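Sequence lines set the chain letters: A, B, ... in the order given, protein chains first and strands last, and positions in each chain run from 1. Nothing here was measured: the structure is a model prediction, and the numbers come from that model.
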Amino acid sequence: MKLLIFGATSAIAQSVAKKVAHEGGELFLVGRHQDTLKIIAQDLVVRGAKKVGEIAADLTFREQYSEWVESAAKFMKGIDVVLIAHGVLGDQKQLEQNSDNAFDLINVNFISAALLAEASAHYFEIEKKGTIAVIGSVAGDRGRQSNYYYGAAKGGLEIFLQGLRNRLFPMGIHVLTIKPGFVSTPMTAHLKKNVMFASPDSVANGILKGIAKKRDVVYLPCFWAIIMGIIKSIPESIFKRLKL
Amino acid sequence: MESKHKEPLGQSPISVSPLWDESRQSWGMYPKTTSLVSPLHWRGQEFSESSQDKHPSLSYLPFGRGRSYGDSCLNDKNILLGTEKLNHFIELNNETGMLKVEAGLTLKEVLEEIVPRGWFLPVVPGTQFVTIGGAIANDIHGKNHHVAGTFGCHVKSLELLRSDGTRRVCSQEENTDWLQATIGGLGLTGIILWAEIKLKKIVCPWISRETLRFHNLKKFFEYSEDSDNKFEYTVGWMDCLSQGDDLGRGVFFRGNHLLVKEAAELKVKQERIKTFPFHAPEFLLNRLSMKAFNTLYYHTHPSKKSEIVHYRPFFFPLDGINHWNRLYGKRGFFQYQCVVPYEGSKSPIFDIIETFAKSGLGSFLTVIKTFGNSISPGILSFPKPGVTLTLDVPNEGQKTLRILEILDEKVVKCGGRVYPAKDARMSKESFKHYFPERPAFEKYKDPKFSSSFWRRVT
Ligand SMILES: Cc1cc2nc3c(=O)[nH]c(=O)nc-3n(C[C@H](O)[C@H](O)[C@H](O)COP(=O)(O)OP(=O)(O)OC[C@H]3O[C@@H](n4cnc5c(N)ncnc54)[C@H](O)[C@@H]3O)c2cc1C
Ligand SMILES: NC(=O)c1ccc[n+]([C@@H]2O[C@H](COP(=O)([O-])OP(=O)(O)OC[C@H]3O[C@@H](n4cnc5c(N)ncnc54)[C@H](OP(=O)(O)O)[C@@H]3O)[C@@H](O)[C@H]2O)c1
């Protein structure tokens, strides 16, 4: 597999990359820290990756999106899959008070992810094949007082991906929306762990399966589909009274 | 958003979690502890003042995967430094077999990458779910101790991060004394960030295994003497409840890496990992059920058998069942591993086994093995020449503690020692006898590092 990853230092993305490397794949990593990207690139080479390239940049630099896709395609002589994995959870209370922070959070989680998916689509449209896999979140399924900035960004991203999938389907391009529940990663390091937390490794397996089977939307682990089904079915008149 | 991509994230200070957490326990599930778990994310992270000013009086201890049985990997009411995310390979030299890896990688992850390339770890324990850091800090041994020595014998270098922020690369060339203190150093000399290990060449993942029943302890020693120069791996399982003529009967396993290429064609049976679903109720754990299990295990093995098996069932038979420790119920269990002088049929091991068999306690899993003569590299390494016995003992409170104390007296008397990686109960006095080298270790201990075990025995 020739895999381009945005947000390659994310714990979930690293788990995916390791598996692809183990199978002898080629990878191109984009993330914002040169030093940590280097550590990951070295690791992937030992695990069997045929080739690993990297670019260090903040993923909100939208002028460069198509350049990055082109660089990756040139380095690997093609791209099979783009994985968009970056994101920030943010502190809801602080976001409510500080509109700069709120703007940045929506910019990272929604705008940059959506526009990177679009830039990837432009490349795949010429190739007439490819997969765009994007990590959303179960938090995007319903707005809750405890994290509606993050939730709104992820929810907006999901609607964007529905439209993109609809547009690209006739060209045979696959768009996968990945909706993990709680995952034990640096993003959730400050939360108390319980049985609902999945490992990045099991989520990575789910992502690769979703790519191989050309699924549209996957909940990971799959029991979240049931939980979110219930949460979505609660009438708003009741939901607004709940402390969630 | 402030553009953060300039400052290297990999060097950010280690930050301490604000949440007290019971999620990290040891394999014996005793004692139960609570700690602030602080994950390390990158090997370049700093141990700065800011890591420490929130909790100036608390101590630190690295935590691998908690595959130690007792409290040497625990730091009750203090801080554990999780190494799970230090899981990157750094370099594998396919010519020389030198492997450089971060310390939080498990042996399982390492084996999955190196075996297909014709390499094996020089020493492996009875489970592959331990980390490289844990393997070094306990200077672990395996079924090949008689030829290969301990894991530490194959560590060429490592990097140590101390709470004062200093970093040291330790090897045979530089900081050699720090290397010797850190191998078998129980995590108390600092955080091992990465290590360089010399691998062993193999041609395929298969092992040719022979299984032999021995009807008493004398016969075990015969098999052991006969096998140790012909077989790279040897170990005995023992029925610790049989007495009289049958005292110390068991099953002897010995094996070598298969040297033929064709074996690569053999198919691995798809392993189904099962999970022990809940803590077994205590009434199931009695002498009767253990007696039945031990007798059955002995008799279901043929008196002699040769076969070819994959390395996983050969080295890690228990890994096929997740959480098998729940078999021992909520109160957990003790593991007791001692080494005593060899001395053939006069070995003190006879007395120890007899005492245990008559004590009224039982053990599902008793393992016996002769150690070789190689000198362990660590100041506080456990293995030394002699014979080592491992017992799994359900926690029945005072009664269990009393009998293990009696075993301790015997081990102390013959100049043996008990393995800290498996211990949750040895006394200060016993520890002093087992490890007279401790004063030499003291100057390498990080003043801000400690463990439940260390506070108990010193
Ligand atoms: C089924 C089973 C079979 C076993 N068989 C054997 C055997 O055959 N031979 C044998 O010797 N042992 C055996 N053991 C014990 C096991 O190998 C050791 O206890 C091992 O050290 C556990 O490794 P861990 O990564 O889980 O570390 P932990 O148990 O979490 O920690 C062990 C020690 O290592 C330290 N440590 C961990 N990581 C680091 C680091 N990065 N830097 C510094 N210190 C660190 C900790 O502070 C602690 O002192 C067995 C255990 C089980 C459960
Ligand atoms: N963990 C969960 O419980 C959970 C649940 C549902 C969905 N998700 C989603 O899963 C994805 C992966 O997250 P994770 O759990 O693996 O957490 P993570 O390890 O913290 O990964 C987040 C990644 O996003 C990167 N990033 C953030 N802002 C960036 C920016 N402006 N430019 C470049 N990179 C940026 C971070 O880069 P640095 O390493 O350089 O900081 C980091 O690699 C995210 O989209 C997240 O929203 C996570």
To the closest 0.5 Å, what do you measure between OG (A:Ser199) and CD (B:Glu84)?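 Output value for this atom pair is 9.5 Å.
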Does atom [atom1] of [X] have more than 12 heavy-atom neighbours from other groups under 6.0 Å away?
{"X": "A:Arg215", "atom1": "CZ", "result": "no"}
{"X": "B:Lys32", "atom1": "NZ", "result": "yes"}
{"X": "A:Arg62", "atom1": "CZ", "result": "no"}
{"X": "B:Tyr311", "atom1": "OH", "result": "yes"}
{"X": "A:Phe223", "atom1": "CZ", "result": "yes"}

Would you mind listing every salt bridge (Lys or Arg N to Asp or Glu O under 4.0 Å) that reaches into residues 10-19 of chain A, with sequence neighbours excluded?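 Passing the test, one end in residues 10-19 of chain A: A:Lys19-A:Asp201.
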Candidates A:Ile39, A:Thr36, A:Val46 - the one meeting side-chain contact (heavy atoms from CB on, under 4.5 Å) with B:His88: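 Result: among A:Ile39, A:Thr36, A:Val46, A:Ile39 is the only option passing the side-chain contact (heavy atoms from CB on, under 4.5 Å) with B:His88.
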Heavy-atom cut-off 4.5 Å, strictly under: side chain, backbone, both or neither for B:Ile90 against chain A?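 Both backbone and side chain.
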What part of B:Asn94 is in contact with chain A, defined as an atom under 4.5 angstrom from a non-hydrogen atom: side chain, backbone, both or neither? neither
Side-chain contact, heavy-atom cut-off 4.5 Å: B:Glu109 with A:Arg47? yes
Checking A:Leu44 against chain B: side chain, backbone, both or neither under 4.5 Å from a heavy atom?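 Neither part; nothing is under 4.5 Å.
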Go through B:Glu91 and A:Gln42 one step at a time and tell me if the side chain to side chain contact (heavy atoms under 4.5 Å, CB included) criterion holds. CA-CA 7 Å; B:Glu91 204 181 339; A:Gln42 262 178 344; over 6 Å; no
Restricting to non-hydrogen atoms, name the atom on A:Lys192 and the atom on B:Trp20 that form the minimum distance, rounded to 0.1 Å. NZ-O, 2.9 Å
What are the two closest non-hydrogen atoms of A:Ser184 and B:Lys85, and how far apart are they?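 Answer, listing the atom of A:Ser184 first, then B:Lys85: O-NZ, 3.7 Å.
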Could you list the residues that satisfy ring pair (Phe, Tyr, Trp, His ring centres under 6.0 Å) with A:Phe110, not counting sequence neighbours?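 Ring pair (Phe, Tyr, Trp, His ring centres under 6.0 Å) check on A:Phe110 returns nothing, list empty.
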For the interface with chain A, which of B:Val101, B:Asp21, B:Val37, B:Asn87 has the highest count of heavy-atom pairs at distances below 4.5 Å?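 Heavy-atom pairs under 4.5 Å are most numerous for B:Asn87.
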